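Here the structure is laid out as structure tokens; the discussion comes afterwards.
Being a predicted model, the structure only gives us computed values, none of them experimental. Letters A, B, ... mirror the listed sequences (proteins, then strands); counts begin at 1.
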Amino acid sequence: MSTSTSSSVTFSGATRIYPGSDRPAVDALDLHIEAGEFLVLVGPSGCGKSTSLRMLAGLEEVDAGQILIGDRDVTHLRPKDRDIAMVFQNYALYPHMTVAENMGFALKIAGVDKATVRKQVEEAAAILDLADYLDRKPKALSGGQRQRVAMGRAIVRQPSVFCMDEPLSNLDAKLRVSTRTQIASLQRRLGTTTVYVTHDQVEAMTMGDRVAVLKDGLLQQVDTPLGLYEKPANAFVAGFIGSPAMNLGTFSVVDGHARIGDGLVPLPRSTVEAVGAAGQVQVGFRPEALLPASEGDPGSFAVQALVVEELGSDAFLYGDLVGDDLRADHVVVRLPPRGVPQKGETVWFTVEPGGLHAFDVETGAALPTH
Amino acid sequence: MADPTLAQDAGAHTRAATPRPRRTRSPLASVALHGTLGLAVLVALFPIVWVVLSSLKPGYAIQSSEITLFVEPSFDNYVHVLTETSFPRWFLNSAVVAAFTMVIGITMSASAGYAMSRFNFPGRRGLMWVFLVTQMFPVAILIVPIYTIMANLGLIDTKLSLIIAYCTVAVPFCAWMMRGYFDTIPKELDEAAALDGLGPFATFYRVVLPLARPGLAVTAFYTFLTAWGEVAYAIAFIQTDENLTLGAGLQQFVPRFNPQWDSLTAGAVLITVPAALVFFFAQKHLVAGLTAGGTKG
Amino acid sequence: MTLSSTPGPTPDHAQPAPSRGGRLRRSFDRHWYAWAMVLPTVVVLAVLIGFPLVQGIWQSFTDLNESNQRSEVCTKTLGGGETCKPNPDAAKFVGLDNYVDVVTGERGRFWLWFTNTVVWTFACVSFHYLLGLGLAVMLNRPMRGRGLYRVLLILPWAVPGFVAAFAWRFLFNENFGLFNSLLTTVGLDPVDWFSHRWTSLFTAITTNIWMGVPFMMVAILGGLQSINADLYEAAEMDGASAWQRFRHITLPGLRPISATVILLGTIWTFNMFPVIFFVTGGQPAGESEILVTGAFRAAFEGVRNYSLAATYGVLILSLLLVFAATYRRALRSQGEVW
Amino acid sequence: MRRTHAAAVAGTAALALVLAACGSDSDDSSEQNEPDPQSLSAELTWWDTSDPENEAPAFEELIKRFNEEYPDVEVNYQSVPFGEAQNKFKTAASSGSGAPDILRAEVAWVPEFASLGYLYALDGTAALEGNFLETPLSSNEYDGSTYGVPQVTDTLGLMYNKELFQKAGLDPEAPPTTWDEVREASEALQQKAGVEGIYLNAAGYFMLPFLYGEGGDLLDVDAETITVNSEENVAGLTVAQQMVKDGTAAKPNASDSYGTMMTLFKEGKVGMIVNGPWEVANIAGDPKFGGFENLGIAAVPGGSEQAGAPVGGHNYVVWSGMDEAKADAALAFVEFMASPESQAYVAEELGLLPGNADAYDLLSDNEKVSAWQGALDAAQPRPWIPEGGLFFAPLDEMAVKVLVQGQDPKKALDEVAETFKAEVVPDYEAQ
């Protein structure tokens, strides 16, 4: 299959306000996606990720700002003139057409001759392992097959941009994992710019070249998966990315230390300076960033184990901070699988060097930690 | 859902209430159920049967002090109506008027229903109410002003005048119903079509309409029936035998004195048969079509 | 691939124009096809119903009738020219006189017709609904011959209205009708159906119920099939009896469709002209007339009184509007929205 | 006598009327420019309201004959059911489009249509030159002009079953002449023949013989007074009600009482009815009745004052919206249809009574026509005013109230008078 000319995508102050609502669903989104890049839009439901994608596809009005595909301003172009293809969450296959007709429909509309359509459909079907099903109607296919037809319909067109709106959410867990890798590898093979929407941060982390995190219509951060993981721009991103989620809590700052439970964890000087007179800081550390310690070790704090999950390769301890009755949040700690503490035991931990994240209590913005 | 093509991709569709595996009914309950339904069928059929029986009697025996099921049964009345009156012409006219009303009515109500279902255009909510209000003003009072309008358009004594008038009667309800039906067809299909390069009209025509067949069947049936046996507009607008339709034509069998019961009963049976046939072919779709329309209506 | 090449030049409106004209233009660009799709219907309804309706509202405040609608009265003699003189009593504005006359019973019998209409509408719609519901529930069960029952029960719908009216009038005929003959056969006295207000209305109501049940039945049957069968199984697990399942699952599940068909049924029945007109003809002595038929006779017998007809039309429309608004509010309060 | 209408003198024999009424004021101006029938060319539309099954063929035959004389005048014959024609014509005429050039109008419609400007006045035209019966002709007059030409006339008479009369020991050649005699005959029929004596149609028009019989009328047109609730009318109506109450007459139905009356009479289940010439062919043709020989026809029975029945019938009228270029053709057609020969033909075929007096000369040996001679003697014109079309709805209700529901005649008539005052003739004085 020949590779298509792939284009960059640029959102420039793109805003969408639904009629009857005061708050923008997408608020002045600025985002540049390189040609050939796989970008994932992720965020909790209602964050505007789907709306952003639909604005790009031309299915949603753009109330302010611009959207460019390559150098072309497509802000007010009709969907069909944007040279994009989309995979819908429920696939939106035409029930009255066969698989082949579904896949070739766009080409047929564009006036491509029948033989070429058939050829391209067959090529796509071969890639997606759908060759045996071309003459079936969608209702005669399994969920996974339908999903592949939807993919096939998109790739047959060889568009300059793929838009995918949670295309895996209707599959069972196991199929989701395998399809995830198939889509990612297919995208890499085709080299088509792809904007992929999901609410599942695992999907986002595993599939995207870069991941854009949205919340309440506002772009929080765009970075590579690892970049997001290691340098979250704010507490929201920090809490959203990673599984199990980062331990986050607000603690008072005492003499350059954060008081965490009974313990005092030293804070970097730059952090303390940034906290200033506020006296409180939001501190985060990932479950794998805690090291076992003994009582009395400097910078250590105590956790009383409530539940211990043993997964074989890892173990996770869920516990309460000792000495901080006010806090209800549990602390999650990843432990090596052997010799895990018992339920009810009190265990001491320190944060590994560089494993500490600090955020402004008010704004949630990341504070310097070096 | 009677139409399986819709059932799967719609996602939101509930599981059809197909016969569940149930305990078998007790014989008594079974008798009660069939008895009640049998009685209902009897009530539904017997006026029709009575007219059919009457149509087989000679004219003088139809309204008579002695009530009998059969009096010299024959098809003479049918032969008379079909060969010696203008009935065949009226029948043809009715067929033409009903067919065009059906086609135009479906087109109008489906496109209006689609617009109301899919596009959030200014005036949409008001339109739903307007459609309702048009059903509230009595037709009997509207006939004279509508006649004047038709006269100004030069449409008096044309079949077109009837077709237009019948559309005003049938389209509001049908548009309401079609809107409900379109609401059950996933919007993503339209969006997929838009991305595949179809404009709004082509999307409607090539993607949505083929999926709306049950709804269209109901609309077809409803518009057909509206036009087929209508009397009041036909009497007012049609001036010549050339264009007379069945409803109005049959009134000629009921002159001031001396009603032609023989011709009238035979005509009544003949007028009902095509409606019943149309209904028979549409009925498979009726339930599914009204479901969607009604649920969301 | 040629397909992925850039289509034509960018349209001129690509740059958002903040001006008011631009916004209107954008609104048009965005909605023109929606408007185009409703336009034929709206135009036809506006011309054939909207215009007469507005005209009717205006006319109901005048004394317009067939004889005073022209400003001149002309006498044409065949082959001998024409003489015209101004109409001495041309139509004029009379304010609310028509409404006062009608509502006080000065002209016509508004309150008699109104009560008849209410009884008629209520009886017809409730029986339509209850019988339709009962039959639909029965037909929704798996059983032998279900398809046949359904076809036969829907058949009355296919009978044109005036044919049905004629058939029933025939059956109720006092001297030659089947019903009285059956009553006599079983030793009862024949009934003078059309000699009393209520028996006369009864004949019309019976006819209309017969005509209208199939529509309701089909609509409700459709509604029943859209109720999730899981709910019944869950309820059975919870130990609900058949009646409780009907009460707590079937009825609430049918509420959306019921709301629609009852509203439409009420409007249609309220204005159902042919059944009363053909079956009872208003007998005895106009006592079984409903508003539409009464209004028709009052305004269209002899010299037509257009303003009176319009007055009745506006009154009927207002009554139905009040009903629809109240009904909608009641539904809203129960959480139904349409 | 309260009647003051000009045509009141018409209570003389029909044939005498012929002589008295012959178009005295017909001037001969139109005769001079009478067009050549061959050269006349036009297309006319005629709405006929007669029975399309039984009566229409005769009229279509006349059109054929007309075309022999006027080959280029095309007449589009359209049968319009009587019950629809009035509204249909008015709707079309008031909108100025779609009305026929020529209409067969019931006598009461003409003044109403004329007052609305829907008709051409025919004064001074050839169409009015015929020798028309004065009473039918008078129904065409409005405001000093004449708007129509009589086609047929009719009235109500007593129709009876001769065979049943014989069975009951009554003389079939000496029918009852008063309501009291009807009562006696009815008793005989009930007792000896085992059938109902008489069936009274519970409708306003059919009550008129009872009112006229006591010397009553609906309105006094000259004095502009509503007289419908006069003592005479109450008395007349009481006679009718009494006949139903004491069983002399069969209890009428509220709905379709006319059809019931006809069916029972044709079946030989009732001995006498009051009805008009339009039913003669129908009754005579019914297999259960026994043919025309079995049908007796007489004048309506009289009350204490006189025997009186309303005049009915139909006229030819010309729509004022017709293109005047077609005037000659339209007049020629109406003239032809109203000619003695044409009317005599219709009478021969259908048994209807001509409106043209000269037609009776051609029908002297037609027993179906001559049978009505006595009844026509008793014919009285109705008040020919535009509001005439509004009389009968309240009167029909009144008839049902009195005959079917047994209400007090005085009260029922007072209600009619109120309705007349409120809705029909508000300018008239109540009595």
Side-chain angles (χ1 to χ4, degrees), chain C residues 65-70 72-85 87 89 101 105-109 169-170 172-177 180 192-197 199-200 203 278-289 296-306 308, chain D residues 30 33 86-87 90-91 94 108 112 114-117 119-125 127 143-145 147 202 250-251 253-257 259-260 263-264 269 318 320-322 324 327-328 330-331 386-394 396-401 404-405 407 412 419 422-424:
Chain C
N65 64 35
E66 201 175 8
S67 69
N68 64 16
Q69 61 181 337
R70 283 159 223 263
E72 287 190 316
V73 185
C74 292
T75 309
K76 278 179 161 179
T77 304
L78 202 54
E82 184 173 358
T83 52
C84 289
K85 53 188 176 189
N87 193 333
D89 44 16
D101 282 359
E106 178 72 23
R107 280 148 108 187
R109 296 155 85 177
R169 183 190 154 103
F170 220 72
F172 276 114
N173 188 300
E174 291 167 4
N175 291 58
F176 316 117
N180 273 353
D192 294 341
W193 297 105
F194 300 102
S195 299
H196 312 280
R197 178 181 176 189
T199 51
S200 187
T203 64
F278 287 125
V279 175
T280 76
Q283 295 296 359
E287 287 178 22
S288 68
E289 217 77 89
F296 180 79
R297 278 190 222 270
F300 286 97
E301 230 147 41
V303 175
R304 294 157 164 196
N305 197 325
Y306 296 129
L308 189 63
Chain D
S30 54
N33 44 29
Q86 190 183 10
N87 258 323
K90 283 163 57 161
T91 307
S94 76
E112 183 186 327
S115 77
L116 296 169
L119 301 179
Y120 271 118
L122 301 175
D123 301 280
T125 64
D143 203 12
S145 297
Y147 289 86
K251 183 166 195 279
N253 292 343
S255 170
D256 195 27
S257 109
T260 307
T263 304
L264 290 175
K269 294 213 156 61
V318 182
S320 63
M322 183 189 75
E324 207 150 0
D328 287 338
L331 286 171
E387 293 83 1
L390 293 169
F391 290 158
F392 286 97
D396 285 343
E397 289 195 4
M398 178 275 292
V400 171
K401 281 181 193 163
V404 180
Q405 298 183 307
Q407 290 187 19
T419 310
E423 298 175 21
V424 182

Just verifying a value: how many Å separate C/F194 CZ and D/S257 OG, rounded to the nearest 0.5 Å?
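Output value for this atom pair is 12.5 Å.
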Rounded to the nearest 0.5 Å, how far does NZ of D/K251 lie from OG of C/S195?
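It comes to 4.0 Å.
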Does D/E423 use its side chain to pair, donor to acceptor, with the backbone of C/G108 at less than 3.5 Å?
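Looks like yes, one N/O pair under 3.5 Å.
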Do NZ/NE/NH1/NH2 and the carboxylate oxygens of D/E397 and C/R109 come within less than 4.0 Å?
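Yes.
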Interface moiety of [X] toward chain C, non-hydrogen atoms closer than 4.5 Å:
X	value
D/F391	neither
D/K90	both
D/M322	side chain
D/D396	neither

Can you tell me which portion of C/N173 sits under 4.5 Å from chain D's heavy atoms? Options are side chain, backbone, both or neither.
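The answer is the side chain of C/N173.
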Checking C/R169 against chain D: side chain, backbone, both or neither under 4.5 Å from a heavy atom?
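Side chain only.
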If every non-hydrogen atom of [X] is compared with every non-hydrogen atom of [Y], which pair is closest and at what distance?
X	Y	value
D/S320	C/K76	O-NZ, 2.7 Å
D/S255	C/Q283	CA-CG, 4.1 Å
C/T77	D/D123	CG2-O, 3.8 Å

Using a cut-off of under 4.5 Å on heavy-atom pairs, state which of [options] scores highest against chain C.
options	value
D/A422, D/A399, D/A327	D/A327
D/E387, D/E112, D/M398, D/Q86	D/E112
D/L122, D/T263, D/V318	D/T263

Partners of C/F300 by ring pair (Phe, Tyr, Trp, His ring centres under 6.0 Å), sequence neighbours excluded?
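Ring pair (Phe, Tyr, Trp, His ring centres under 6.0 Å) list for C/F300, sorted by chain: C/F296.
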Going by the rule ring pair (Phe, Tyr, Trp, His ring centres under 6.0 Å), which residues pair with C/F176 if we only count those two or more places apart in sequence or in a different chain?
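In terms of ring pair (Phe, Tyr, Trp, His ring centres under 6.0 Å), with neighbours along the sequence ignored, C/F176 is linked to no residue.
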Given side chains that start at C-beta, do those of [X] and [Y] come closer than 4.5 Å, heavy atoms only?
X	Y	value
D/Y147	C/T75	yes
C/D192	D/N253	no
D/V400	C/P284	yes
D/N87	C/R304	yes

I'd like to know if the side chain of D/T419 pairs up with that of C/R107 as donor and acceptor (distance under 3.5 Å, no hydrogens or angles considered).
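No, no side-chain donor-acceptor contact under 3.5 Å.
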